[in-house]
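Worksheet for the structure shown next.
The figures here come from the full heavy-atom set of this structure, side chains too, leaving out hydrogens, waters and symmetry mates. The chains referred to below are lettered A, B, ... by the order of the sequence lines, with proteins before strands, and numbering in each begins at 1.
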2 protein chains.
Amino acid sequence: MAPQILLFLATLFLSSHAQSDVVVNPIRQLRPLSGAGGHHIKGVSCLSWRLAVETNNLQGWKLVPQSCERYVGHYMLGDQYRLDCETVADAAIEYAKTVKPAADGKDVWVFDIDETTLSNLPYYARSDVQFGAIAYNDTKFNEWVAEGQAPAVPAIRKLYLKVQSLGFKTVFLSGTAEKFTDVRITNLHETGYDKWEKLILKGEDQHGKTAVQYKSDKRGDLVKKGYRIVGNVGDQWSDLIGTNVGSRTFKVPDPMYYIA
Amino acid sequence: MAPQILLFLATLFLSSHAQSDVVVNPIRQLRPLSGAGGHHIKGVSCLSWRLAVETNNLQGWKLVPQSCERYVGHYMLGDQYRLDCETVADAAIEYAKTVKPAADGKDVWVFDIDETTLSNLPYYARSDVQFGAIAYNDTKFNEWVAEGQAPAVPAIRKLYLKVQSLGFKTVFLSGTAEKFTDVRITNLHETGYDKWEKLILKGEDQHGKTAVQYKSDKRGDLVKKGYRIVGNVGDQWSDLIGTNVGSRTFKVPDPMYYIA
């Protein structure tokens, strides 16, 4: 092995700090930027944690790590979350344009609701919730849902309206309890979700099923009724795995909670 | 809706710039940080692009966008890629510790090779490759593979050694052509991968199969031989989807190329 290659590998792999000033030809020269110049950026481990969450490498986690609460808060309240949602929507729209819906009206896109079409961020940003760094409280969360004041996630509303305009039907499939049906319908209507083929909420008979089982079963029912699931959009991997997941799935970012 | 909630929603959802100074109670106060204070950070769209790649929202892409070449370069040469790989390995190790291998020695972990156990970064960092922003050149890449000088990805080597020490067997499953068998064995040995149950490279008879088909078939062969795939580690989603994917899959970061 040539000495300069050894030097490069030593720099790159034996040290955790890549130093661009010792990188030699034929390595492409890069201007040093914050975070690539050999010094740590505060909060980077939270970035790795979020990536592990978004790729489903981390499963079954109960809480946002306390050391990442501020990081997750800034992410959710800042530009990056919105840009990430826009990128999801744009990728889904590009794909939707490649599919021609059949004349029978059976080509559907399945949308999850919470943190996908509607945002609970006003709730999660509360000081007694801390973006998921405080344990989930069913009573408090249900009180928030009952208010029916969740805003839309704008990028996903754009996707929803676009797939309808392309000739697809839309189905909402949510783990929200059926008792919230009326308030959810009003909430959806008031935030620009005007119509849907089906709105499926979780009935008492589905109790005891995991989200993966429940959503797989409901998608199976759709397929049995002749629907073809063209796209499937959700913030939880439990929306996107299991059976009858659809021809393409789209993961919307959510570093605040995990549903199995 | 209370006026202060309306104000909050207006701030958060009607504007793309969340301004922490108008956020009111009961919203948790956050110190403004770079990127969450209402101004754009250069390169954020590349961050969204990378997230879309890592979550498999973007499929079939041919090239790193030219505008993201420097971003991808800094990511791959800098700390963040190494931290992200460490987080993948740590999540996989935590999972591995929860599984007790049976006495029959049939519990295996499947590892991809390129950008998973071995790194082609010295090749991808070349000025005529530009981290995947220049079209893939089969001849050039094969010349690099034939050199047998790919370094290990240290975090994944740590995982590999750890699962062996926990009593699991390891299998390499790679799309590399079988003609590189000898050089790959030498390369693996020289970088600290000392033993394996099987090393599966792509034979002439597998030509014409996609990576998903080829890898599903080979994993199916393992299962037919009585192996149980406990974990499956790869940088491409084509390593991790299809059939017999294993009880848990782990996505290693790779924003440089896509294999269907």
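The two residues A/V88 and B/N57 come nearest to each other via the heavy atoms CG2-ND2, 3.6 Å.
In this structure, chain B has heavy atoms under 4.5 Å from both the backbone and the side chain of A/Q59.
Looking at heavy atoms from C-beta onward, B/E94 lies out of side-chain contact with A/L58 at the 4.5 angstrom threshold. Between A/L51 and B/L51, the closest side-chain pair of non-hydrogen atoms falls below 4.5 Å.
With rounding to the nearest 0.5 Å, the separation of CG in B/N56 from CZ in A/F250 is 9.5 Å.
Within residues 230-249 of chain B, the residues having any heavy atom less than 4.5 Å from a heavy atom of chain A are, in residue-number order, B/W237, B/R248, B/T249.
Among residues two or more places apart in sequence or in another chain, the side chain to side chain contact (heavy atoms under 4.5 Å, CB included) test is passed with A/T87 by B/S48, B/A52.
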